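Here's the structure we're looking at; comments come further down.
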Amino acid sequence: MKKVLAMILALVMIFALAACGQQAASAPAASNDAPASSGGSDAPAASSDKPLAGTYDITVWCPDAEVELRKAMIDEFNKTNEDGIVFNATVQNVGEGDAATQMITDVEAGADLYNFASDQFARLVQANALAKLGTKAAEVVKEGNSAAAVDAVTIGGEMYAYPLTDNGFFMYYDKSVISEDAVGSMDKIIEACEAAQKYLAFDVGNGWYLSAYFFGAGCVSKWSTDADGHWNVNDDFNSDKGLIAMKGLNKIQASPFHLSSSSAAEFDKGAAVVVTGLWDAGTAKEILGDNLGAAPLPSFTVDGTDYALKPFMGYKFIGVKTQTDAVKAAALHKLAQYLTSEEAQLKRFEAVTWAPVNLNAAASDAVKANPVIAADMLQQQNCTAQGQVNDGWWTLAAALGATAKETDDVDTYKAALQTYVDGLEKLKSLREGLLFVGAWNGWNNADEADTYILTGDGDVKSLTFEVPQSDYMGGRIVNIGSWENGMGAAQVKTGADLIQAPDPDSNPDNNIVFLAPGTYTVSIDTASGEISIVAG
Amino acid sequence: MNETIEKRSMGLKASRTLSNTIIYIILIVMSVIWLFPFICIVLQSFRIESTWNVNYVVPKQWGWDNYKALWTSDFKTWYLNTFIIALIVAVIQTVIVLCMSYTLSRFRFKLRNGLMRFMLILGMFPGMLTMIILYRVLKDLGMTQSNAVPGLILVYIASSGMGYYVSKGFFDTIPKSLDEAARVDGATRAQVLNKIILPLAKPIVIYTILTAFMGPWGDFVFARYVSFGTSSGMNVAVGMWNWLTPDMINQRYTMFCAGGVIVAIPVAILFMCLQKYYVEGVTGGAVKG
């Protein structure tokens, strides 16, 4: 028995030692933030004319389709760059749609250079997972790209990523079913599909796709975030224009030959039209061959008027993760510039048919000659730039499509649009606004049921509420969902006699601690940051 | 007299045939329903005329292309990872669980009841709650990303001692007098376990191995966290999940099916070989002595 015990103990000790050993061994490799890590020290000729020279171990995330190409491009960069930079890159398959979720889970372990879709931009900036572009890099991006693309990588006047390709959708169709003159009109397309007993696949159960109807009818829905990550939305779906869109959505879904799908594989199952993006070009071509046609989305007709569908158009970017080693960061930015340069975008177009966004690359003859890309480019001229759409918006928008499918009753539409607007307000109020959290509401900073929201027009927001008797009658003002401590006792200018004096030692969170229970009115001037407290 | 008996037996026979027919029809219908998805996956994995989802079941062209494509992709690494993890966990966890059960079933020591109660309560906390913390700990130990395999093994076996209930229940049903007889003959405690208890408890040993193997074999949530975007540390579930994005699925659908078939093979073989013990094992622990 003793022997067994001794063995187990020995095993435990070995294991503990092994664990320590691994930690020590992996620490330098795992952290990129060791000052002047591999980069600086390995560079023998780190003379003043080549300050970036050195070998760097980096991780790169890009989607499966691009992995091989990306490896080749980094090799090419290693050979051709004039700064003596050599990247020892591990390229991993992480899709653009998944990049932010992964990145935000653990920024430190994330890739140094990664692809992501534009809807994740704000989240990544907030998580400090994107490094700012330097002045020179920013100028290159500004020169090479459209204003819309530059706008999409800018938050609070700073640029954070390199545009790589666009991320939008348009219409693929079977030329043998849909004639050239029907392509421009949704009504004619539906007619042609019904006549040929073929399906029309347009995923109007999905907010990303169905919003084309609303934007086509002239509606606006623009989310924006400021430098602090605060949400703002300008949205007029709940209007006469919105009703037009609802009627259009009803019309297409009323056809028995409509499919809610966005996969080019539908062509193989009897579809004549599929609305999807460039990523499906290969599949569509393989199924339809020479019969493959591509065009911008058609117009839909409501009450005799035509409205051209105007889809969301986003981008895919390459981002550089924030680095503590400035030299490595600069080298990574060089690589990112190289990977999004005109030549690289053309190469990518040839290898995986991704549409270039670089203005020169997009204007090249080879790109224009590709019918699918041509349709995509035409669509870009009539599209809605996809801003920083709030995550919760997609569900709200999808509900509109579902309502339009169920009924053609205008009053129901109005009710649905009202629900939509209420939903928006709720989303905003949960993202935007000041709360007074504290002992009185269990320090609840997000659940709408029990929040103390400061209200008011203009800069001054205030709240009158009851402080119940308790051991600790403290709390502070925070932005919804956050725990910041910049709006507390130290900022109280009026009514400081009602609370404990601020003291960083005993009250590190800068809480406003009331001396007595009772009713108080707390107001804050958001412009100056001053807080005033009035009893009663 | 003889005639009546014959008549009766005829009636019995007829009614038995009838009920058997009905039962068989029901069973056949049910097995078709259950097997259909799997047959679809197998057939799709041999379809080579296209790589996307189609609306027919039987392929127009048959071939091994999807399996060959799997062989050249990262699937190999993922499969090997999964297999290594599952195998090591199956061995270590089985040893721990059996030792634990034997101890709790046969020994009487201070705090025995307290320990059992403590583990019962501890087991009530969902393991998922600890996920983030575990990730941080593993990361500090350098056992994430490309080192995910040892990390995951550690996660899976760490709490395995608490899964002793079923096998302890089974051990309790084996008469204690057998132990005593062996002890009188000079056997040590370890010999009692090895030579007396384990041979008698074969079904429960098999059951423990099976469950220990199945857990890591199909895990997704922990595996996804720990491998964190690093292909060389992923298991099959996580790796193949990356193929399910809208821009990949039309190129990978049939490969995905082929992967599914390969994943199912070892589990199917294990179950077929150990099936006869499995049922005994599941029910065996239910009767407490």
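Chain naming here is simple, since letters A, B, ... match the order of the sequence lines and numbering starts at 1 in each. If you're wondering where the values come from, they're calculated on a predicted model, not measured in any experiment.
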Max heavy-atom pair count under 4.5 Å with chain A, selected residue of B/Phe228, B/Tyr253, B/Tyr135, B/Trp243 = B/Phe228
Determine whether more than 12 heavy atoms belonging to other residues, nucleotides or ligands lie under 6.0 Å from atom NZ of B/Lys76.
-> yes
Positive for side chain to side chain contact (heavy atoms under 4.5 Å, CB included) with A/Thr283, one of B/Asp247, B/Thr51, B/Asn250 | B/Asn250
Can you find a heavy atom in the side chain of A/Asp64 that is under 4.5 Å from one in the side chain of B/Arg252?
-> yes
Which portion of A/Asp106 sits near chain B, non-hydrogen atoms under 4.5 angstrom | both
Find the one option among A/Leu278, A/Thr90, A/Asp98 whose heavy-atom pairs under 4.5 Å with chain B are most numerous.
-> A/Asp98
Heavy-atom proximity to chain B below 4.5 Å, by part of A/Ala264 | both
Based on non-hydrogen pairs under 4.5 Å, which of B/Ile132, B/Asn242, B/Asn53 is most in contact with chain A?
-> B/Asn53
Heavy atoms from other residues, nucleotides or ligands near CG of A/Asp290 exceed 12 (cutoff 6.0 Å) = no
A/Gln102 CD to B/Arg224 CZ distance, which is reported to the nearest 0.5 Å = 4.5 Å
Please indicate whether A/Tyr199 has more than 12 foreign heavy atoms, meaning atoms of other residues, nucleotides or ligands, lying under 6.0 Å from its OH.
-> no
Answer with side chain, backbone, both or neither: which region of B/Tyr225 has an atom nearer than 4.5 Å to a non-hydrogen atom of chain A?
-> side chain
How about B/Phe83: does its CZ atom have over 12 heavy atoms from other parts shown lying under 6.0 Å from it?
-> no
Could you tell me whether B/Trp62 atom CH2 has more than 12 heavy atoms of other residues or ligands within 6.0 Å of it?
-> yes
Mind running side chain to side chain contact (heavy atoms under 4.5 Å, CB included) on A/Asp268 and B/Ser50 for me, showing each step along the way?
-> CA-CA 9 Å; A/Asp268 216 6; B/Ser50 57; 4.0 Å; yes
Relative to chain B, which segment of A/Asp280 carries a heavy atom at a distance below 4.5 Å: side chain, backbone, both, or neither?
-> side chain
For the atom pair CD1 (A/Ile287) and CH2 (B/Trp52), what is the distance rounded to the nearest 0.5 Å?
-> 4.0 Å
Within 6.0 Å of OH in B/Tyr56, more than 12 heavy atoms from elsewhere | yes
Short question: side chain of A/Gln92, backbone of B/Thr230 - any donor-acceptor pair under 3.5 Å?
-> no
Within a reach of under 6.0 Å around CZ of B/Phe220, are more than 12 heavy atoms found that belong to other residues, nucleotides or ligands?
-> yes
Test side chain to side chain contact (heavy atoms under 4.5 Å, CB included) applied to A/Glu96 and B/Thr245, step by step = CA-CA 10 Å; A/Glu96 288 112 347; B/Thr245 55; over 6 Å; no
Most heavy-atom pairs under 4.5 angstrom with chain A, which of B/Ile249, B/Thr188, B/Val54, B/Asp74?
-> B/Val54
